[in-house]
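Computation of the quantities below employed the complete heavy-atom set of this structure, encompassing side-chain atoms and omitting hydrogens, waters and symmetry-equivalent molecules.
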Amino acid sequence: MTGFGKSNGVYEGKKRSVEIRSLNGKGLDLNVKFPAQFRMLEPEVRARIGEVLERGKIDVGFYLEDGEVLQTGTLDQELAQAYLLELKKLSAEMGLPMNDWVSAVTQIPGVVKSSSSEPSDEEKQWMMGLLEDALAATVTFRGQEGAHLKRDLEEVLEGISALLQQLDPLEKERYTMVRHRLEQAIKEVGKEGADVGRLEQELLFYLDKLDISEEKIRLKSHLHFFQETLLTKASNGKKLGFIVQEMGREINTIGSKSNHAAMQRIVVEMKNHLEKIKEQTQNVL
């Protein structure tokens, strides 16, 4: 299930924002981007996101919108002078010119010290507040999309139920037709001295194999169970996927038993509806 949430604000004149983007996924695939001075928040942020959003491919970004990624640094003059003297000596001994000595000295570790300081506890909590606002917006987005998805799934379920009802008159017609054809065959064989009693037993066995009453009952039960599960507030995407598998088994069995053109066309339509459900359940949390 896709989701998006963003929150921004200003803390002591500094613009900050948190942005969350999510796609559906079987597990939690979390990618978080931090400015260097807020990296200590990562464990807390990851735990909170996993608790609220549960699963999905989720990208989270903490941004300093005023470009405050690096702050000005301070020069350690004594260390710089010491390195510069050494460089001059080396230059004289080797007979090499002192080109761009400023860049050379300032790139030596420790010469330029960053003046950026670790944010205060108050600023950390303020940033976590932005995260909570972004999470709330993401959950709201997911809820709105879930409501649309629920309506779509319910429409497809109603379609399968309607098709299932259309099988009833066709099943009676097929049963009568097959029984009549087999009885005629028995009469023809009986004229040649066949065991009519055994043939009648085989007829009953064959007709019983064509019966789809149990499959229809189970399919109705799965449809009802799917609807009940759809109404629960808990994360149920995987459970719905299992129910869809069971629905598919019953529809396939009905198709294999329905040696009747009109019934098989209905089964094809039911399979088409089932594919729509499979695609949609991939987007359920």
Side-chain angles (χ1 to χ4, degrees), residues 1-81 83 100 102-150 233-237 283-285:
M1 182 179 296
T2 58
F4 176 78
K6 184 175 182 179
S7 178
N8 51 58
V10 178
Y11 182 84
E12 294 183 351
K14 305 170 186 177
K15 294 181 180 179
R16 303 282 188 267
S17 68
V18 176
E19 186 174 294
I20 300 174
R21 297 178 183 272
S22 72
L23 297 173
N24 194 44
K26 294 182 179 180
L28 180 62
D29 181 7
L30 180 57
N31 178 40
V32 186
K33 295 180 179 179
F34 286 99
Q37 55 265 53
F38 289 102
R39 195 164 296 281
M40 80 293 293
L41 293 175
E42 184 167 357
E44 184 179 355
V45 167
R46 286 184 172 275
R48 183 58 180 157
I49 292 172
E51 179 183 351
V52 176
L53 299 183
E54 298 186 36
R55 64 187 179 94
K57 186 181 185 306
I58 302 169
D59 293 308
V60 182
F62 284 69
Y63 301 105
L64 311 181
E65 296 185 353
D66 54 0
E68 182 199 349
V69 177
L70 292 176
Q71 299 181 7
T72 58
T74 58
L75 179 68
D76 188 331
Q77 295 188 16
E78 291 185 3
L79 185 60
Q81 289 175 0
Y83 278 122
D100 196 15
V102 174
S103 176
V105 171
T106 55
Q107 289 181 14
I108 298 174
V111 173
V112 178
K113 298 180 179 179
S114 174
S115 62
S116 61
S117 58
E118 182 176 314
S120 64
D121 291 340
E122 290 77 11
E123 187 172 2
K124 293 176 186 177
Q125 291 303 313
W126 186 83
M127 288 296 289
M128 290 302 295
L130 283 186
L131 175 66
E132 291 296 332
D133 292 342
L135 283 171
T138 304
V139 171
T140 300
F141 190 105
R142 277 183 166 185
Q144 293 171 346
E145 182 178 310
H148 292 296
L149 186 58
K150 176 176 173 292
K233 294 183 179 180
S235 176
N236 51 30
N283 296 318
V284 179
L285 182 64

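The two residues Ser7 and Ala134 come nearest to each other via the heavy atoms CB-N, 3.8 Å. Closest non-hydrogen pair, Gly50 versus Leu28, comes out as CA-CD2, 3.7 Å. Looking at every heavy atom in both residues, Arg39 comes nearest to Phe34 through NH2-O, 3.2 Å.
Listed by chain and number, the residues in a salt bridge (charged side-chain N to carboxylate O under 4.0 Å, His left out) with Glu44 amount to none (sequence neighbours excluded).
Here the OH atom belonging to Tyr63 is positioned 8.5 Å from the NZ atom belonging to Lys6, to the nearest 0.5 angstrom. Note: Thr2 OG1 to Glu145 CD = 3.0 Å, rounded to the nearest 0.5 Å. To the nearest 0.5 Å, the span separating CZ on Arg55 from OG on Ser22 amounts to 11.0 Å. A distance of 8.0 Å separates CZ of Phe4 from OG1 of Thr138, quoted to the nearest 0.5 Å. In this structure, OG1 on Thr140 lies 10.5 Å from CG on Leu135, to the nearest 0.5 angstrom. One finds the CZ atom of Arg21 at 9.5 Å from the CZ atom of Phe141 (value rounded to the nearest 0.5 Å).
Of the options Ile49, Leu53, Asp59, a side chain to side chain contact (heavy atoms under 4.5 Å, CB included) to Leu30 is made by Ile49 and by none of the others.
Arg48 is listed as a side-chain neighbour of Glu132, based on a closest heavy-atom distance under 4.5 Å.
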Exercise. Evaluate the side chain to side chain contact (heavy atoms under 4.5 Å, CB included) criterion for residues Glu122 and Tyr11: first the C-alpha distance (whole Å), next the side-chain angles of each, then the deciding distance (0.1 Å), finally the verdict.
Key: CA-CA 10 Å; Glu122 290 77 11; Tyr11 182 84; 3.6 Å; yes
Quiz item: When you look at Arg16 and Phe38, which way does the side chain to side chain contact (heavy atoms under 4.5 Å, CB included) test go after all the steps?
Solution: CA-CA 12 Å; Arg16 303 282 188 267; Phe38 289 102; 3.8 Å; yes
